[in-house]
Structures are given as C-alpha cells and as structure tokens.
Undergrad: 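Just passing along the structure, written as structure tokens.
It should be emphasised that the depicted structure is a prediction, and the values quoted were computed from it without experimental measurement.
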Amino acid sequence: MQANSSIVKTLTRRFFDRMPHIVAPELLGKCLVAHDGRMVRIVETEAYAQDDPAAHTFRGETARNRSMFGPPGHMYVYFSYGVHWCANVVCGPKGFGAGVLLRAAQPMAGIDLMEAARGNVAFKQLCNGPGKLAQAMGIDRHADGTDVVGGGPFTVIDDAHAPVTVIACPRIGISKAVEAPLRFVIADNPFVSKRPMAR
DNA sequence: CGGCAGATGGGCT
DNA sequence: GCCCATCTGCCGC
C-alpha cells in the first residue's frame with residue numbers, strides 16, 4: 001500500500017444492526033458508491049427511530065415506509081414534497097422502523113455524471129441536501145429496499161481517510177421533536193446543507 | 001452575501 | 001391539511 005492510498009472496507013450487516021442515533025454519526029466519512037462510478041463521501045446524516053414522532057414509521061407500517069421495517073443495511077427511499085427523492089439507510093433490528101437519512105455529501109468520483117443529473121449548479125451544491133444528494137447519485141424509487149452492504153445498486157463503504165470530528169445538533173425541516181440533537185455533521189465541512197448553530 | 005416568504009408538488013392521513 | 005425539500009425572487013446588511 002502506498003502512503004496516500006485508502007483502505008476500503010465493506011461495512012458488515014452488523015454495522016447497521018444498531019440504533020440510528022448510533023449509526024448516524026458513524027456513517028460520517030463513509031462513502032456511498034454507485035455502479036456507474038459515482039461516489040460521494042457522507043458529511044451529514046439524521047437519525048429517525050420508530051418511537052420518534054418525526055419519523056415516517058411513527059404511525060406504523062404502510063406501503064410507503066415498508067422497507068424501513070425490513071432488515072437493516074437496506075435503502076429506504078421516499079418521495080418528498082412531490083418533487084424530490086430522499087435516501088435513508090435502514091438500521092436497528094428487523095421489524096423496528098428506523099433509519100438514517102443521508103442529508104449531504106461531498107462528491108468524490110463521477111462528477112460529470114452528477115453535474116449532468118443536477119443541472120447547472122455550483123460544485124458545492126451538487127449534494128448539499130437530501131434531495132440534491134439523491135438526484136446527483138441517481139437514487140429514486142428503484143433503489144428503495146435494495147441492499148447497501150453489497151449486491152445492490154448502491155453500496156456504503158469505509159474508504160478510510162482521516163478521522164472525522166462529529167457535531168450533533170437539531171434536525172432540519174421537521175415539525176415534531178425539533179430540538180432533539182439527532183442531526184450529525186462533519187465539523188467545518190463545506191458540503192453540509194446548513195451550518196450547525198454555534199454552541 | 002445571508003435570510004426569508006412564496007410557489008411548487010405527490011403521497012400520506 | 002400535513003410533510004425528513006428545493007428553487008427563485010426580494011429584501012437588508
């Protein structure tokens with residue numbers, strides 16, 4: 001191994017077999033890879049558990065949120081405000097509707113494909129929001145329920161670079177449990193959707 | 001430049 | 001009506 005080459009590890013199913021508030025900060029710095037070469041480094045996540053009034057699973061299983069009740073390590077993709085797709089990774093035990101929303105990421109590879117998908121926007125705005133991230137990566141309804149540990153169209157890997165400094169802060173764009181510090185960002189990363197409030 | 005009001009839009013309850 | 005969002009335009013610093 002050369003000094004600046006990364007060590008890529010495939011995440012195990014067990015990584016996602018824990019509660020979302022544990023998995024969400026640990027996903028920071030991990031990478032999401034698509035089959036066509038597009039890759040992003042995750043810089044912002046939010047945790048949603050079944051007992052959380054802000055979670056889609058709070059009122060039980062429906063056709064829309066079904067994949068969140070399935071086994072961990074799979075995608076939950078939902079259609080937001082009639083316009084955007086948003087990607088989550090299911091976590092927690094099977095049968096417990098929980099997951100981590102992928103809110104923002106840093107483009108790493110396949111930039112030309114991301115720009116084609118997102119249109120004429122600044123580089124920093126390619127993936128700095130959940131809808132933008134999904135659009136840039138080509139994530140839509142077809143990815144719902146697919147495996148992110150391996151074998152699916154998108155895979156989460158640990159492309160280890162440097163350790164990250166994690167900041168926890170309130171989530172964005174919700175109307176219930178608005179103060180819970182379940183949003184996690186990499187400190188001082190320019191690709192987050194909104195800077196966390198200074199503390 | 002940042003912040004905010006308004007419009008947009010589909011699927012849920 | 002409500003909602004885990006985004007874009008545009010308009011303000012004020």
Undergrad: With nearest nucleotides of DNA chain C determined for Gln135(A) and Asn88(A) from heavy-atom distances, which residue corresponds to the more 5′ nucleotide?
TA: Asn88(A)

Undergrad: Distance check needed: dG2(B) P versus Gln125(A) CD, whole Å only.
TA: 10 Å

Undergrad: Between dT13(B), dT6(C), dC4(C), which nucleotide has the shortest distance from any of its atoms to the side chain of Thr62(A)?
TA: dT13(B)

Undergrad: Using only heavy-atom distances, determine whether the side chains of Asn65(A) and Thr57(A) contain a donor-acceptor pair under 3.5 Å.
TA: no

Undergrad: Got a second to check how far Arg64(A)'s CZ is from His56(A)'s NE2, nearest 0.5 Å?
TA: 4.5 Å

Undergrad: Would you please indicate yes or no on a ring centroid separation below 6.0 angstrom for Phe79(A) and Trp85(A)?
TA: yes

Undergrad: Would you say Ser175(A) reaches dC3(C)'s phosphate, i.e. side-chain N/O to OP1/OP2 under 4.0 Å?
TA: yes

Undergrad: For the pair Met114(A) and Val40(A), evaluate side chain to side chain contact (heavy atoms under 4.5 Å, CB included) and give the outcome as yes or no after the intermediate values.
TA: CA-CA 10 Å; Met114(A) 296 187 201; Val40(A) 296; 3.5 Å; yes

Undergrad: If you measure from CG on Leu27(A) to CG on Leu101(A), what distance do you get to the nearest 0.5 Å?
TA: 11.0 Å

Undergrad: Would you kindly give the NZ-to-P distance between Lys194(A) and dC7(C), to the nearest whole Å?
TA: 13 Å

Undergrad: Look at the side chain of Tyr48(A) and decide which nucleotide, out of dC3(C), dT8(B), dC4(C), has an atom nearest to it.
TA: dC4(C)

Undergrad: Roughly how many Å is it from OH in Tyr78(A) to P in dC12(B), rounded to a whole number?
TA: 14 Å

Undergrad: Using the side-chain heavy atoms of Arg64(A), tell me which of these nucleotides is nearest: dT6(C), dC12(B), dC4(C).
TA: dC12(B)

Undergrad: How does DNA chain B read in dot-bracket, base by base from 5' to 3', with Watson-Crick or G-U pairs under 3.5 Å and | used when the partner is on another strand?
TA: ||||||||.|||.

Undergrad: CD1 of Ile172(A) versus C1' of dC3(C): gap in Å, rounded?
TA: 16 Å

Undergrad: Calculate the interatomic distance between Tyr76(A) atom OH and dG11(B) atom C1'; express it in whole Å.
TA: 10 Å

Undergrad: Could you give the OH-to-P distance, from Tyr81(A) to dC2(C), as a whole number of Å?
TA: 12 Å

Undergrad: For the pair made of CZ in Arg59(A) and C1' in dG1(C), what is the distance, rounded to whole Å?
TA: 13 Å

Undergrad: Does the cation-pi check pass for Arg66(A) over Phe69(A), that is, NZ or CZ under 6.0 Å from the six-membered ring centre and within 45° of its axis?
TA: no

Undergrad: Can you tell if the side chain of Arg118(A) reaches within under 4.5 Å of the side chain of Pro107(A), non-hydrogen atoms only?
TA: no

Undergrad: Base, sugar-phosphate or nothing for Ile174(A)? Non-hydrogen atoms, less than 4.0 Å.
TA: sugar-phosphate

Undergrad: Within the stacking criterion (centroid distance below 5.5 Å, interplanar angle below 30°), does His84(A) stack on dT6(C)?
TA: no

Undergrad: Can you tell me which nucleotide in dC7(C), dT6(C), dT8(B) comes closest to the side chain of Arg118(A)?
TA: dC7(C)

Undergrad: If the cut-off is 4.0 Å, is Lys132(A) near the phosphate of dC7(C), judged by side-chain N/O to OP1 or OP2?
TA: yes

Undergrad: For the pair made of CZ in Arg195(A) and C1' in dC1(B), what is the distance, rounded to whole Å?
TA: 14 Å

